[in-house]
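Working notes, beginning with the structure itself.
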2 protein chains.
Amino acid sequence: MNADLRETPIRVERPSKTLRELALEKVREAIVEGYFKPGERLVERDLCAQLGVSRTIVREVLRHLESEGLVANLHNKGPIVALLDLNEAKQIYEIRGALEGMAARLCAERRDPAIVKALEASLMGIRFSYAAKDMAGVLGLTNAFYQTMFTMVGRHVAWGVVNLLTVRINHLRSMTIKTENRDVEGPAQMERIVEAIKRGDGDAAHKAALDHVARAAAIAEALLAAQQTHE
Amino acid sequence: MNADLRETPIRVERPSKTLRELALEKVREAIVEGYFKPGERLVERDLCAQLGVSRTIVREVLRHLESEGLVANLHNKGPIVALLDLNEAKQIYEIRGALEGMAARLCAERRDPAIVKALEASLMGIRFSYAAKDMAGVLGLTNAFYQTMFTMVGRHVAWGVVNLLTVRINHLRSMTIKTENRDVEGPAQMERIVEAIKRGDGDAAHKAALDHVARAAAIAEALLAAQQTHE
DNA sequence: TTAGGTCTTATGGTATACCATAATATTGTC
DNA sequence: GACAATATTATGGTATACCATAAGACCTAA
């Protein structure tokens with residue numbers, strides 16, 4: 001079927017999602033949003049009761065999330081929500097820096113006004129969400145910002161990698177975006193990325209992206225350190 | 001139990017692997033080694049018969065491999081060994097470049113003779129394997145080379161990412177290492193990485209790592225192009 | 001009160017059953 | 001021989017059963 005027919009109004013709809021797919025989304029979101037906390041046991045029979053599905057579904061969901069790094073399976077403890085120590089968090093920020101820097105550079109070199117427009121739209125939405133104190137919106141739109149960066153230069157594999165890693169530090173991210181002055185500083189840093197992309201400066205875009213992630217990593221490190229001090 | 005007792009000689013050994021863990025290793029290896037070919041259907045009942053396990057085990061293994069990107073699950077086709085097109089392969093090489101470049105730089109900056117020694121040992125083994133026409137050895141030791149680079153600077157998360165991606169292009173890699181002159185050129189390029197690390201030159205190590213991956217990507221692209229021409 | 005032994009329960013590992021639907025094979029008609 | 005209709009088989013989706021073992025509760029003796 002050529003491209004012309006792909007969008008035809010008579011096209012048969014994609015089948016509904018399986019129970020397993022729905023359950024996977026639910027559990028992943030419950031972990032990412034903090035409903036299930038790091039270190040918390042994920043007892044199969046409890047999940048069955050909560051989700052209203054069989055153990056087959058639950059086990060398959062757990063296998064998937066294990067592979068994604070969101071769940072850890074310990075031989076004498078059963079599955080738990082994966083913990084994330086400071087060292088791992090730092091490494092994740094570092095990898096993001098390497099890949100987001102690469103994507104920013106490619107965006108700048110592409111010299112496509114559509115990219116700039118899309119990024120500016122996301123950034124505007126981020127500012128708006130901050131103003132409305134909508135932190136879920138801030139996170140979601142920040143994801144959209146980066147997804148735009150990666151996908152508009154055709155890097156969906158790298159986006160997949162970044163996405164998987166970012167999900168693992170979502171709790172940290174939801175903390176860093178709330179720190180004092182981050183509502184101003186964060187968007188300002190992202191604007192520097194966009195400006196560099198706008199003027200086609202690959203090096204500057206790369207550096208701005210690295211700086212932004214490095215700053216977020218520093219804030220996360222301070223938060224984790226404070227958290228351990230208070231315990 | 002404090003750290004002193006953790007390494008005690010009376011410590012109880014870790015339990016044997018579950019059937020699922022064993023099956024996962026088998027299927028992953030069968031895919032990576034080419035026993036199951038890209039695009040080939042992975043019929044659950046067939047896998048049960050081949051592995052000698054129940055559908056529960058097989059399904060959980062498939063879920064895991066799906067998450068790793070080695071298996072694709074299509075709604076009207078069932079699970080298949082994931083195909084890899086040229087575009088995705090190129091992106092994987094690019095990501096490897098970004099991360100391996102980062103690791104090489106960190107190795108150089110660490111200025112640790114143990115790193116150089118370990119890398120030289122892997123490289124020697126690679127050369128020896130080439131001489132013995134042991135391609136499995138070449139692949140394995142190349143993995144060891146990079147695993148050393150990442151883990152000796154404490155980047156196990158990045159190594160995990162690179163490993164997952166590399167597994168997806170293993171078939172391509174087993175082809176690129178066999179191309180004419182690659183037995184000389186490959187190790188020579190890797191030696192440039194090691195030399196830069198030895199003299200503590202981060203920029204040079206970074207560049208050498210990027211060059212090496214870029215060259216491998218170019219060879220892979222040529223191979224894929226030739227493959228499509230012959231079809 | 002503590003420690004050891006015993007009993008009970010919780011839980012993950014693994015297998016199998018059943019169903020719905022898609023795919024394939026077969027049959028009949030033109 | 002081609003095509004449509006029908007029957008059969010293959011296959012993934014999902015649930016449940018059963019087991020072994022670990023964890024926890026409880027009891028008893030010192």
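Source: prediction; values computed, not measured. Below, read A as the first sequence line, B as the second, and so on, with proteins coming before strands; counting in each chain starts at 1.
In the set C:dG13, C:dT16, D:dG13, the nucleotide with an atom closest to the side chain of B:Ser54 is C:dT16. Distances from the side chain of A:Thr56 to the nucleotides D:dT16, D:dT11, C:dG12 place D:dT16 closest.
For the ring pair (Phe, Tyr, Trp, His ring centres under 6.0 Å) test, residues two or more places apart in sequence or in another chain that qualify with B:Phe150 are B:Trp159. In this structure A:Arg63 satisfies the side-chain hydrogen bond (donor to acceptor under 3.5 Å, both in side chains) test together with A:Glu66, B:Glu60, sequence neighbours excluded. With sequence neighbours excluded, no residue satisfies side-chain hydrogen bond (donor to acceptor under 3.5 Å, both in side chains) with A:Arg45. With sequence neighbours excluded, the residues forming a side-chain hydrogen bond (donor to acceptor under 3.5 Å, both in side chains) with A:Glu94 are B:Arg155, listed by chain and number.
Distance alone, capped at 3.5 Å, is enough to place a donor-acceptor pair between the A:Glu21 side chain and the A:Thr18 backbone.
Summarising the geometry, the separation between CG on A:Leu19 and P on D:dG12 is reported as 17 Å, rounded to the nearest angstrom. Spacing between atom CG of B:Leu47 and atom C1' of D:dA10 amounts to 15 Å, rounded to whole angstrom units. B:Arg63 places its CZ atom 9 Å from the C1' atom of D:dG12, with the value rounded to the nearest Å.
Axis orientation changes by 0° from one end of the helix from C:dT1-D:dA30 to C:dC30-D:dG1 to the other, with each end axis drawn from 5 pairs and the value rounded to 10°.
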For residues 49-56 of chain A, which side-chain N or O atoms pair as donor and acceptor with protein atoms under 3.5 Å away, sequence neighbours left out?
{"unit_1": "A:Ser54", "atom_1": "OG", "unit_2": "A:Thr56", "atom_2": "N", "d": "3.3"}
{"unit_1": "A:Arg55", "atom_1": "NE", "unit_2": "A:Glu44", "atom_2": "OE1", "d": "2.9"}
{"unit_1": "A:Arg55", "atom_1": "NH2", "unit_2": "A:Glu44", "atom_2": "OE1", "d": "2.8"}

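Here side-chain hydrogen bond (donor to acceptor under 3.5 Å, both in side chains) pairs that include residues 24-33 of chain B, with residues two or more places apart or in two chains, are B:Lys17-B:Glu25, B:Arg28-B:Glu68. Among residues at least two apart or in separate chains, there is no salt bridge (Lys or Arg N to Asp or Glu O under 4.0 Å) pair with a member in residues 133-154 of chain A.
Taking side-chain N and O atoms only, B:Arg59 has no distance below 4.0 Å to OP1 or OP2 of C:dG13.
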Between N or O atoms, less than 3.5 Å apart, protein on one side and nucleotides 17-24 of chain D on the other: list the pairs.
{"unit_1": "D:dA23", "atom_1": "OP1", "unit_2": "A:Asn76", "atom_2": "O", "d": "3.4"}

